[in-house]
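Because the structure is a prediction, the values reported are computed rather than measured. Proteins come first, then strands; the chains are lettered A, B, ... in the order of their sequence lines, and each starts at number 1. Side chains are part of it too, since the values below use all heavy atoms of this structure and drop only hydrogens, waters and symmetry mates.
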Amino acid sequence: MRRSKALVPTLREDPADAEALSHRLMLRAGFVRQLAAGVYVYLPLGQRVLDKINAIIREEMNAIGGQEITMPVLHPAEIWRESGRWDAIGDEMFRLKDRYGRDMCLGMTHEEVVAWLAAREIRSYRDLPQIWYQIQTKERDEARPRSGVLRTREFLMKDSYTLDPDPEALDRSYAAHEGAYRKIFDRCGLRYHVVQSDPGMMGGLGSHEFMAPSAAGEDEIARCAGCGYAANVELARGVPAAPAPPAWARAEVATPGCRTIAEVSAFLAVDPRLTVKSLLYVAEAAGPVLVLVRGDHALHERKLARALGEEVRPAHPDEVREVLGAPVGSIGPVGARVPVLADEALRTGTYVVGANREGHHLTGVAAGRDFECRFADLHTVTPGEACARCGQPLAVERVIEIGNIFKLGTKYSVPLKATYLDEAGRERPIVMGSYGIGPARIAATAVEQGSDADGIVWPSTIAPYHVYIVVVGPHHEAQVAAAEAIYAACWSATPPLEALLDDRDERPGVKFKDADLLGIPVRVTVGNAFVKEGLVEVRARKTRQEARVAMDKVVEAARVLSALE
RNA sequence: CGGGGCGUAGCGCAGCCUGGUAGCGCGCACGGUUCGGGACCGUGAAGUCGGAGGUUCAAAUCCUCUCGCCCCGACCA
């Protein structure tokens with residue numbers, strides 16, 4: 001491709017609406033344009049990157065026996081009603097009616113369609129196992145699209161589904177996917193961790209997420225350098241260091257005007273770790289429950305929901321007063337006439353708690369002695385807490401979720417009647433797994449993890465082109481002829497080196513700046529050195545290592561440099 | 001859904017408080033001089049000031065409503 005003919009609209013300045021690094025660079029370098037909130041056009045370079053990523057995904061999925069299919073984006077409501085998700089899912093699903101008034105929706109995932117298909121086509125244990133996958137558009141009406149291409153309302157997803165006769169076979173399919181995913185992300189040049197994740201309220205037999213460290217990430221994981229334990233913070237358990245126990249008796253103290261942990265601990269001159277944060281939540285079925293975490297900790301609502309087995313919401317201030325007889329800043333577990341759920345960290349020690357009397361707190365209160373409660377892991381793990389397995393300190397990292405693998409079990413096969421006959425002629429539900437990868441997230445993550453002050457630095461495996469050829473003097477016939485020859489040589493090499501020729505009538509500086517911004521691994525410059533000595537410059541984008549070589553050595557030199565990553 | 005911010009030329013922004021003929025930089029077109037890290041000079045094209053309603057002799061500017069976009073939080077099967 002020649003730059004003079006290509007749609008590569010680079011921007012000199014940062015677009016105002018782009019915050020995340022990858023968003024800014026992908027806009028500036030002309031890879032994408034935004035049509036609406038969370039809806040993007042992929043321009044030629046962005047499309048080429050997606051194509052590269054998808055090709056890698058296909059190779060690795062095919063290698064574990066995956067069979068590519070394409071399922072519709074438009075779904076009848078019926079299958080979603082059968083699985084129960086038509087009602088379980090809220091505003092995140094795009095819903096519409098066809099001309100006859102029938103309910104339809106846009107697919108946010110495809111478990112229902114897979115189960116529908118399996119119900120029709122799988123009859124015998126001899127038909128199992130199966131791995132079906134697609135690379136297909138997903139539609140989700142995200143409450144808050146953000147960070148450019150990282151969280152969008154319409155996005156490409158590689159989703160695969162495994163069909164197995166029993167949980168043991170599912171384990172094998174699951175392990176095969178984990179292996180394939182590692183190969184995919186390795187080949188795409190990403191740094192990532194595989195972590196345990198929350199299988200969700202609906203049960204499930206286990207799940208992992210592939211998490212790539214990046215400041216633009218929306219999730220956090222805790223990792224132990226000692227034993228390798230790694231988990232999403234919505235799940236991660238840490239053991240916080242216990243504060244030195246003070247010698248205080250149980251007593252009520254006045255804390256006028258103190259509403260927050262910071263105010264109470266400052267007023268009483270007490271370490272915040274010796275205070276308890278009391279939070280009233282309302283569970284859908286069970287009603288109000290008083291939740292306790294240590295003053296310096298944050299409650300993780302997912303953990304709370306998991307501990308209670310149902311969804312929860314914070315109580316309104318007037319509900320707090322009604323239930324506990326005190327305002328939010330003064331509530332506590334002593335004398336509370338609601339169930340109390342306390343974080344594990346509060347099993348031992350004595351603490352300052354709200355007195356359920358406005359402007360008063362109690363000191364020296366111990367769980368189990370001064371009030372009854374149930375314990376659960378509720379607090380969000382903080383950096384430095386001890387690993388629950390080996391005791392080494394945990395690190396907490398911000399990450400982008402680039403893939404997940406999930407053991408579904410029979411959650412969809414039972415309601416959609418996807419069954420098979422086993423060796424004994426018994427009808428049994430198919431055991432399913434589902435596995436997702438976001439190609440656009442791979443691209444954005446590569447930008448996040450690889451760019452520098454001058455622009456993007458693509459891993460060569462997913463770069464839109466391998467070589468960027470700059471003609472310094474586009475009016476200099478010999479230079480143009482040489483550049484054209486190099487361009488042709490790149491494309492006709494085996495395997496081809498995909499080249500983009502910058503033949504525009506621009507000053508050299510503009511071309512160099514653009515070359516850096518686009519992040520193509522190797523730049524070839526035809527300029528003064530060619531005129532004087534017949535040599536061209538071959539330079540690596542990432543290392544900026546440069547060599548001057550003769551015309552007939554360009555392809556070889558470019559290959560060497562692009563391999564030096 | 002809660003909180004905050006922004007919509008003025010293709011892009012980035014000023015002008016708004018204090019109403020009075022819409023501006024700057026980049027980009028774009030043409031001419032000239034340049035030509036190895038986003039050149040310079042000259043000329044020029046280009047804007048329903050997001051939209052609707054209102055106040056006023058007069059609205060980009062003040063008021064009301066509305067649409068869109070961004071950020072923080074919540075949510076994310």
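Not a single donor-acceptor pair, N or O on each side, falls under 3.5 Å between the base of rG2(B) and the side chain of Arg313(A). With hydrogens and angles ignored, a donor-acceptor pair closer than 3.5 Å exists between the side chain of Asp516(A) and the base of rG37(B).
Counted by atom type alone, Tyr40(A) and His23(A) present one or more donor-acceptor pairs between their side chains at under 3.5 Å. For the residue pair Lys417(A)/Thr419(A), the side-chain donor-acceptor check at 3.5 Å is not satisfied. Under the 3.5 Å distance criterion, with hydrogens and angles disregarded, no donor-acceptor pair is assigned to the side chains of Ser197(A) and Asn232(A). Between the side chains of Tyr435(A) and Thr162(A), a donor-acceptor pair is found at a separation under 3.5 Å.
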### Message
Between Arg548(A) and Glu533(A), is the salt bridge (charged side-chain N to carboxylate O under 4.0 Å, His left out) condition met? List the steps.
### Response
CA-CA 10 Å; Arg548(A) 293 192 165 195; Glu533(A) 308 165 63; 3.3 Å; yes

### Task
Tell me, with the steps shown, if Val467(A) and Val538(A) meet side-chain contact (heavy atoms from CB on, under 4.5 Å).
CA-CA 9 Å; Val467(A) 179; Val538(A) 182; over 6 Å; no

### Task
Would you check, one step at a time, whether the test side-chain contact (heavy atoms from CB on, under 4.5 Å) holds for Arg85(A) with Thr109(A)?
CA-CA 11 Å; Arg85(A) 288 161 114 186; Thr109(A) 177; 3.6 Å; yes

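Of the residues in residues 522-534 of chain A, those lying under 4.0 Å from RNA chain B by heavy-atom distance are Arg523(A), Thr525(A), Gly527(A), Asn528(A), Ala529(A). Near RNA chain B, meaning a heavy atom under 4.0 Å from it, residues 133-143 of chain A has Ala143(A) in order of number.
Here the shortest heavy-atom pairing between Gln136(A) and Pro72(A) reads NE2-C, 4.2 Å. Closest non-hydrogen pair, Pro213(A) versus Gln449(A), comes out as O-NE2, 3.0 Å. When all heavy atoms of Glu139(A) and Thr137(A) are compared, the closest pair comes out as OE2-CG2, 3.5 Å.
A 3.5 Å limit on both hydrogen-bonding distances identifies rG42(B) as the Watson-Crick or G-U partner of rC30(B). Base pairing annotation: rC13(B) forms a Watson-Crick or G-U wobble pair with rG23(B), both donor-acceptor distances under 3.5 Å. Base pairing of rA60(B): no nucleotide in any strand meets the Watson-Crick or G-U wobble criterion (both distances under 3.5 Å). Look at rG68(B): its Watson-Crick or wobble partner, with both distances under 3.5 angstrom, is rC6(B).
Toward the 5′ end of RNA chain B lies the nearest nucleotide of Pro15(A), the other residue of the pair Tyr412(A) and Pro15(A) mapping further downstream.
Contact annotation for Glu301(A): backbone-only contact, meaning every heavy-atom pair under 4.0 Å involves sugar-phosphate atoms and none involves a base. Note on Asp514(A): a base of the nucleic acid sits closer than 4.0 angstrom, heavy atoms only. Counting non-hydrogen atoms under 4.0 angstrom, Arg548(A) reaches nothing in the nucleic acid. If you check every strand for non-hydrogen atoms under 4.0 Å, Glu537(A) touches a base.
The gap from the P atom of rA39(B) to that of rC1(B) amounts to 48 Å, rounded to the nearest Å. rC16(B) and rU61(B): their P atoms are spaced 12 Å apart (whole Å). Taking atom C1' in both rU56(B) and rC63(B), one finds a spacing of 12 Å when rounded to whole Å. Look at the C1' atom in both rA29(B) and rG54(B): the space between them is 42 Å, to the nearest Å. Taking the P atom of each, rA14(B) and rU55(B) are spaced 31 Å apart, rounded to whole Å. Distance check on atom C1': rC49(B) versus rU8(B) gives 4 Å, rounded to whole Å. A distance of about 12 Å separates the C1' atoms of rA60(B) and rG7(B), rounded to the whole Å. Across the C1' atoms, rA59(B) and rU18(B) are found 14 Å apart, a figure rounded to whole Å.
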N/O contacts under 3.5 Å, protein versus nucleotides 67-71 of chain B?
from: rC69(B); atom 1: OP1; to: Ala37(A); atom 2: N; distance (Å): 2.8
from: rC69(B); atom 1: O3'; to: Gln34(A); atom 2: NE2; distance (Å): 3.2
from: rC69(B); atom 1: O2'; to: Asp17(A); atom 2: OD2; distance (Å): 2.8
from: rC70(B); atom 1: OP1; to: Gln34(A); atom 2: NE2; distance (Å): 2.9

Under 3.5 Å, which protein N or O atoms sit close to an N or O of nucleotides 43-45 of chain B? Give each pair with its distance.
none

Would you tabulate the pairs of protein nitrogen or oxygen atoms and nucleotide nitrogen or oxygen atoms of nucleotides 24-27 of chain B closer than 3.5 angstrom?
from: rG25(B); atom 1: N2; to: Glu13(A); atom 2: OE2; distance (Å): 3.0
from: rG27(B); atom 1: OP1; to: Arg12(A); atom 2: NH2; distance (Å): 3.4

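The one candidate from Asp377(A), Asp343(A), Asp198(A) that meets the salt bridge (charged side-chain N to carboxylate O under 4.0 Å, His left out) condition with Lys303(A) is Asp377(A).
Between Leu117(A) and Met71(A), the closest side-chain pair of non-hydrogen atoms is not below 4.5 Å. Using a 4.5 Å cut-off on side-chain heavy atoms (C-beta onward), Pro44(A) and Met1(A) make no contact. Between Asp514(A) and Arg504(A) the shortest side-chain heavy-atom distance falls below 4.5 Å.
By the ring pair (Phe, Tyr, Trp, His ring centres under 6.0 Å) test, Tyr42(A) is found to be paired with no residue, residues two or more places apart in sequence or in another chain being considered.
Other residues, nucleotides and ligands contribute over 12 non-hydrogen atoms within 6.0 Å of the CG atom of Asp452(A).
Candidate nucleotides rA74(B), rC35(B), rG36(B) were compared by shortest atom distance to the side chain of Arg507(A), and rC35(B) ranks first.
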